[in-house]
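Notes to accompany the following structure.
Everything numeric in this text was worked out from a predicted model, so none of it was measured. Every number for a ligand or one of its atoms is a count from 1 in the order of the listing. Heavy-atom basis, side chains included; hydrogens, waters and symmetry copies ignored.
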Amino acid sequence: MVHAPSRPTPGLPPVRVNLYSDTQTRPTQAMKAAMLEAEVGDEQAGLDPTIDALCDRMAALLGKEAAIFLPSGTMCNQVAILTHCRPGDAVLAHRTAHILTAEGGGAAALTGAQIMPLEGEGGQYTADTLLAAFNGGSRYDMPQTLVEVEQTANLGGGTVWPLAALNAVADLAHARGIATHMDGARLMNAVVAAGVPAHEMAAGYDSVWLDFTKGLGAPLGAVLCGSAAFIDRAWRWKQRLGGSLRQGGICAAACLYALDHNIDRLADDHDNARVLARGLAQIPGLAVQSPQTNLVFFDTTGTGRNASDIAGALRQLGVMVSVMGTYRGRACTHLDVTRAQVDEAVAAMQQVLAA
Ligand SMILES: *Cc1c(COP(=O)(O)O)cnc(C)c1O
């Protein structure tokens with residue numbers, strides 16, 4: 001992944017349409033007002049009522065006994081792996097999983113765990129693929145202790161795991177005594193797209209988390225959920241990693257605000273993504289993956305130009321997209337992108353590829 005700055009860059013026009021990521025949203029005045037009014041206390045000492053309220057609400061939403069507030073989604077994944085696994089253990093995950101491609105080798109560096117990459121279309125693998133990857137559990141084998149899925153699968157195209165597939169994978173893992181973890185960075189996008197409640201999607205998973213900075217508009221925060229015993233053990237890792245906070249309720253208030261105001265509207269982002277994909281697909285040479293949620297992936301091979309060349313030309317026109325591979329780009333809709341801006345982005349792409 002190539003990371004682009006959103007600050008004013010000398011020699012470049014201002015960003016008019018930011019399709020770079022749903023992480024680039026800015027908190028609104030109303031969200032900031034909720035933050036200012038938050039009742040707060042020392043979270044490390046268990047005294048922040050707003051964080052407690054958020055955790056209670058998230059445990060109920062995801063159908064788990066308990067929850068823990070963490071600064072970021074990456075910390076949710078790493079705390080979960082630390083809590084589930086021991087050094088030398090293996091985590092089975094899709095080869096494009098965020099834990100494998102975008103967390104700095106955290107599972108190896110922190111837990112001493114290795115990740116076994118699984119193949120499959122759209123960032124998902126089947127129960128059969130998982131079954132074939134299980135080892136015999138002999139003393140020669142690495143202990144396989146965790147199975148991970150990503151809902152939605154980011155690099156797979158923002159795809160939604162069907163409920164039956166989630167359950168098939170979880171059942172297979174549990175039948176072998178293997179724990180299950182759901183990276184739910186964009187879980188609510190999946191919930192809104194599929195019309196399946198979050199607690200049903202997460203039912204087969206021993207741990208699951210939601211990111212508040214992926215299209216939900218909060219400046220920071222993610223909540224990891226699981227059994228009361230799991231969350232107790234996760235707290236030790238939160239403390240060790242320096243993730244225990246003080247008056248963190250000021251941030252949890254933004255997350256509560258997001259739960260109240262920014263979930264249902266994810267459907268607008270999905271509509272905008274479909275409009276964007278249809279517009280881009282009309283342009284000769286571009287191959288567009290049909291979006292299931294708010295991520296639109298396109299392949300530039302047929303244009304004869306690579307993705308970073310095209311992204312650079314778009315940026316000259318004030319439109320920012322991200323580069324995910326030599327010929328693969330991603331445009332992401334979110335609450336700071338309007339339908340008019342989607343149209344502007346399509347027009348900019350037409351102009352770039354007509355040149
Ligand atoms: C963004 C993302 C993460 C990490 O979340 P941060 O809040 O950026 O640390 C993990 N998994 C997936 C699928 C993501 O898209």
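- By the criterion of a heavy-atom distance under 4.0 Å, neither the backbone nor the side chain of Ile99 is placed next to ligand 1.
- Near Asn77, meaning under 4.0 Å from any of its heavy atoms, are these atoms of ligand 1: 10 (C).
- Applying the 4.0 Å criterion to heavy atoms of Ser72 picks out, from ligand 1, the atoms 7 (O), 9 (O).
- Looking at ligand 1, you won't find any N or O of Ala185 less than 3.5 Å from one of its N or O atoms.
- Within the listing of ligand 1, atoms 4 (C), 5 (O), 6 (P), 7 (O), 9 (O) sit less than 4.0 angstrom from a heavy atom of Gly73.
- Looking at Asp141 and Ser138, their side chains do bring a donor and an acceptor atom within 3.5 Å of each other.
- When non-hydrogen atoms are compared, ligand 1 lies under 4.0 Å from neither the backbone nor the side chain of Phe212.
- Between Trp235 and Phe230, the ring centre distance reaches or exceeds 6.0 Å.
- Distances from atom 6 (P) of ligand 1 to the heavy atoms of Asp211, Leu295, Thr101 show the closest one on Asp211.
- The protein non-hydrogen atom at the shortest distance from atom 1 (C) of ligand 1 is Lys214 NZ, 1.2 Å.
- Separating the NZ atom in Lys64 from the CH2 atom in Trp209 is a distance of 15.5 Å, to the nearest 0.5 Å.
- Using modelled atom types and a 3.5 Å distance limit, the side chains of Asn77 and His98 yield no donor-acceptor pair.
- Side-chain contact of His181 with Ser207: a donor-acceptor pair under 3.5 Å is present, judged by distance alone.
- In this structure, the protein non-hydrogen atom closest to atom 11 (N) of ligand 1 is Asp183 OD2, 2.6 Å.
- Between Arg246 and Gln44, the side chains place a donor N or O and an acceptor N or O closer than 3.5 Å (distance only, hydrogens not considered).
- The shortest N/O to N/O separation between Asn154 and ligand 1 falls below 3.5 Å.
- No side-chain N or O of His334 forms a donor-acceptor pair with one of Asn272 less than 3.5 Å apart.
- Ile68 is connected to Trp237 through a chain of hydrophobic side-chain contacts under 4.5 Å among Ile, Leu, Val, Met, Phe, Trp and Tyr, so both are in one cluster.
- For the side chain to side chain contact (heavy atoms under 4.5 Å, CB included) with Gln124, the qualifying choice from Thr159, Val160, Thr129 is Thr159, the only one to do so.
- Residue nearest to atom 9 (O) of ligand 1, selected from Thr23, Leu220, Thr152, Thr74: Thr74 (by heavy-atom distance).
- Residue contacts with ligand 1, taken as heavy atom pairs separated by less than 4.0 Å, involve Arg186 solely via side-chain atoms from C-beta onward.
- Taking each of Met75, His98, Glu150, Gln78 in turn, the one with a heavy atom nearest to atom 4 (C) of ligand 1 proves to be His98.
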